[in-house]
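One structure is given below, encoded as structure tokens.
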Protein chains: 2
Amino acid sequence: MKHNVTMKDIAEKIGVTSVTVSKALNDKEGVSDELKEKIKQLAEEMGYRFNTAARSMKDGLSFNIGVIIPERFTGMLQSFYLNFYQSISKVLEEQGYYGILHILRSEDEDELKLPRIYQEQKVDGFVILGQIKKPYIKKLQSVELPTVFMDFYDEEANMDAVITDNFYGAYDITNYLIRNGHEKIAFVGNIYSTSSIQDRFLGYYKSLLEHHIKLNDQYILCDRDEHGKYIEIDLPEELPTAFVCNCDQVAHLLIAKLKDFGYRVPEDFSVVGFDNDIYATITEPGLTTVEVNIEEMSRTAIGFIQEKIRDKGKKHGRIQIKGNIVYRDSVKNIKKK
Amino acid sequence: MKHNVTMKDIAEKIGVTSVTVSKALNDKEGVSDELKEKIKQLAEEMGYRFNTAARSMKDGLSFNIGVIIPERFTGMLQSFYLNFYQSISKVLEEQGYYGILHILRSEDEDELKLPRIYQEQKVDGFVILGQIKKPYIKKLQSVELPTVFMDFYDEEANMDAVITDNFYGAYDITNYLIRNGHEKIAFVGNIYSTSSIQDRFLGYYKSLLEHHIKLNDQYILCDRDEHGKYIEIDLPEELPTAFVCNCDQVAHLLIAKLKDFGYRVPEDFSVVGFDNDIYATITEPGLTTVEVNIEEMSRTAIGFIQEKIRDKGKKHGRIQIKGNIVYRDSVKNIKKK
DNA sequence: CTGAAAGCGCTTACAG
DNA sequence: CTGAAAGCGCTTACAG
């Protein structure tokens with residue numbers, strides 16, 4: 001293969017210098033319109049492709065962003081963050097940036113080992129998807145690269161984070177159940193487990209408070225142990241009429257359990273979820289749930305990263321992106337006529 | 001932030017030149033072991049990070065591979081290729097390469113528009129996941145970049161492709177049904193639709209032939225129209241005892257349909273799939289299916305790409321990677337004792 | 001064993 | 001409006 005065509009090649013053909021070609025192709029001042037047009041056309045004809053590496057050398061920027069997902073959020077059944085990555089990747093490409101995926105292995109997370117993309121200056125910043133361990137957060141922050149966290153926030157760590165509005169999402173969907181006549185409403189989730197679940201619980205609680213429905217301890221159903229592993233859900237003696245699940249997957253598990261007992265959803269029990277991930281659609285019936293606004297979150301996070309690349313000191317703090325309720329068939333209106 | 005530390009910085013601290021530092025850090029000849037050690041240690045202390053951009057300039061390689069997925073294979077319910085991408089990305093990282101994901105929009109595919117990663121010399125090669133339209137294949141081949149196709153092959157196009165062994169996969173799993181006493185076995189799939197489905201059908205047919213079971217036209221059930229859109233599956237008058245579905249998703253749909261009719265799987269009908277994707281696990285009962293060996297396929301494809309980067313003329317042709325049967329609960333042994 | 005020189009492709013700041 | 005010079009950080013080929 002003949003070598004790639006460079007600005008110099010174009011310049012020589014016309015009898016100017018690469019400086020002029022550079023100006024022309026970048027629409028900079030200082031080239032006559034006529035010449036500029038001629039250069040652009042010739043570049044097209046010669047199949048000129050811009051060499052990003054040269055630009056990277058010049059301004060020390062790679063125009064890549066590392067997207068890090070802890071491996072435990074990964075796998076055939078957990079494509080949620082991969083979909084997130086896809087959205088981020090799309091937004092980045094619109095901006096002339098590119099996303100490089102790095103799956104963070106648990107060992108590396110424990111040993112505070114930074115990914116190769118850091119060691120090789122492959123990226124100008126990091127987007128972290130999902131919860132990672134505190135020491136690793138500190139490690140990332142000790143490094144000068146702009147970092148934005150998504151779908152995870154930790155109070156202590158003074159980090160820039162784009163999260164979904166867990167509180168108001170759960171609040172809205174609980175309100176919806178109440179509007180449909182439900183009063184005995186359970187919350188399914190380990191409220192000591194993650195900050196997201198806590199916020200979702202509190203949104204649920206706020207809705208109850210506003211409607212003067214007393215919070216019933218029996219109606220807080222644990223779904224996972226302290227390691228995040230799902231456990232059997234214990235149904236209370238006196239059953240509620242509706243369940244607010246902290247995520248779609250748990251709603252899926254709960255519905256399977258209810259069906260095993262011979263109950264039907266939504267005829268016997270209404271169930272709602274959170275996330276609008278794959279579990280919301282594969283469950284029978286389809287789940288009414290709170291949709292996480294992946295695209296808006298991606299845009300916001302990428303915006304933050306870019307500002308931080310321009311201005312290293314920039315702090316954004318935590319921002320919450322509101323999701324919308326997606327209505328499917330898992331809720332029954334039990335209001336008396 | 002102070003500027004990134006460079007080889008020159010290290011060199012000056014010790015009183016040598018960047019040439020020596022380069023040799024030392026790359027374990028090249030021509031530096032005393034003592035000095036080499038000293039340099040490496042100092043590099044560590046100073047937090048030196050290699051600048052990939054400089055290397056890229058030198059040898060005109062980006063050390064990125066573009067991974068292209070047509071958007072129609074994308075979405076919340078179709079994470080299969082995203083999982084593939086993840087595997088590719090992991091393999092690449094082991095090799096000091098990085099994968100940049102590009103979702104190919106249908107308009108761009110029709111208009112033969114190459115992705116920005118090509119225009120900007122961001123990548124040294126392409127991996128294409130899944131079927132793309134012929135003109136776009138031609139377009140990709142007209143460009144000098146090494147390209148390997150995965151999970152798709154087209155006879156005419158003289159391309160390098162890593163595909164799953166559809167023929168023997170279907171053959172094996174049909175044999176398995178026959179060993180379990182089944183003789184009336186239907187194939188579910190549009191056999192005029194894609195090359196993969198055709199091969200799977202032929203593998204099924206080979207198994208029948210070997211067992212002297214006559215192919216019954218009534219037992220070839222169409223699952224999708226010519227655009228690949230799933231259609232209602234028409235069950236034959238005389239029902240088979242088992243179904244070989246061309247993919248897990250269709251097996252999932254078929255089982256739902258059988259259940260609607262009041263049948264049970266596997267008690268009344270045995271059903272097997274292909275792919276071992278998410279549908280194999282979410283279906284009730286879990287599907288016995290042929291697992292596509294994603295990791296092995298990724299390694300092979302990346303190996304091909306790297307050889308092609310080294311040697312532009314290199315041709316590999318089509319290679320098939322054998323999958324394994326994953327046994328779950330969708331097949332019943334109906335052999336008379 | 002160590003280093004001076006040149007070069008990868010582009011851009012910036014300055015001179016004409 | 002156009003270009004000569006210098007530089008981004010590294011490596012290669014050669015000289016000492």
Side-chain angles (χ1 to χ4, degrees), chain A residues 1-40 42-43 46-64 96 118-124 309, chain B residues 1-40 42-43 46-64 96 118-124 309:
Chain A
M1 186 200 81
K2 65 283 169 200
H3 84 125
N4 284 320
V5 0
T6 67
M7 288 188 177
K8 202 162 164 237
D9 296 330
I10 300 174
E12 278 167 2
K13 267 241 164 101
I14 306 204
V16 296
T17 153
S18 67
V19 176
T20 304
V21 174
S22 169
K23 284 173 186 159
L25 294 180
N26 290 299
D27 277 322
K28 293 256 168 82
E29 300 280 272
V31 199
S32 67
D33 285 351
E34 196 188 355
L35 182 54
K36 187 184 280 185
E37 214 31 66
K38 194 168 159 197
I39 288 174
K40 282 188 177 175
L42 188 58
M46 296 175 70
Y48 172 75
R49 295 186 294 144
F50 182 73
N51 186 324
T52 336
R55 179 179 45 168
S56 289
M57 282 260 356
K58 265 305 249 181
D59 43 42
L61 253 31
S62 67
F63 295 93
N64 296 139
Y118 170 74
Q119 303 300 345
E120 297 187 352
Q121 299 197 55
K122 259 290 192 183
V123 296
D124 303 334
I309 288 171
Chain B
M1 187 199 79
K2 65 284 171 198
H3 86 123
N4 283 321
V5 359
T6 68
M7 288 189 178
K8 201 163 164 236
D9 297 329
I10 300 174
E12 280 169 0
K13 266 237 165 103
I14 305 204
V16 295
T17 151
S18 67
V19 176
T20 304
V21 174
S22 169
K23 285 173 185 158
L25 294 181
N26 289 302
D27 276 323
K28 292 255 168 82
E29 300 279 271
V31 199
S32 66
D33 286 351
E34 195 188 357
L35 183 53
K36 189 183 279 185
E37 214 31 65
K38 193 167 158 196
I39 288 174
K40 283 189 177 174
L42 188 57
M46 295 174 71
Y48 172 75
R49 294 185 296 145
F50 181 74
N51 186 324
T52 335
R55 178 178 48 166
S56 289
M57 282 258 359
K58 265 304 250 182
D59 43 40
L61 253 30
S62 67
F63 296 93
N64 296 139
Y118 170 74
Q119 303 299 345
E120 297 187 353
Q121 299 196 54
K122 259 291 192 183
V123 296
D124 303 333
I309 288 171

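Every chain is numbered from 1 and lettered A, B, ... according to where its sequence line falls, protein lines coming before strand lines.
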K40(A) and D27(A): side-chain contact (heavy atoms from CB on, under 4.5 Å), yes or no, with the steps?
CA-CA 10 Å; K40(A) 282 188 177 175; D27(A) 277 322; 2.9 Å; yes
Just do the side-chain contact (heavy atoms from CB on, under 4.5 Å) check on E34(A) and K38(A) with the steps written out, would you?
CA-CA 6 Å; E34(A) 196 188 355; K38(A) 194 168 159 197; over 6 Å; no
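Atom-to-atom, CD1 of I39(B) to C1' of dC10(D) comes out at 14 Å; the value is rounded to the nearest Å. Going from atom CD of E12(A) over to atom P of dG3(D) covers 12 Å, rounded to whole Å.
Shown here for S62(A) and K122(A), the closest heavy-atom pair between the two residues is OG-O, 2.9 Å.
Take the nearest nucleotide of DNA chain C for D59(A) and for A53(A): the residue whose nucleotide is more 5' is A53(A). Nearest-nucleotide assignment on DNA chain C puts the 5′-proximal partner with E29(B), out of A54(B) and E29(B).
Among the nucleotides dT2(C), dT11(C), dC1(D), the one closest to the side chain of S32(A) is dC1(D). Of all nucleotides listed (dG9(D), dG9(C), dG3(D)), dG3(D) comes nearest to the side chain of T17(A). Relative to the side chain of M57(A), the nucleotides dT11(D), dG9(D), dA13(D) differ in distance, and dG9(D) lies closest. Listed nucleotides: dC10(C), dG3(C), dA5(D). Nearest to the side chain of V19(A): dA5(D).
Cation-pi geometry between R55(B) and F50(B) is not met at under 6.0 angstrom from the ring centre and within 45 degrees of the axis.
Under 4.0 angstrom from either OP1 or OP2 of dC10(D) there lies at least one side-chain N or O belonging to Y48(B). Between N4(B) and the phosphate of dG9(D), there is no side-chain N or O to OP1/OP2 separation shorter than 4.0 Å.
For K58(B) against dG9(C), no side-chain N or O and base N or O form a donor-acceptor pair under 3.5 Å.
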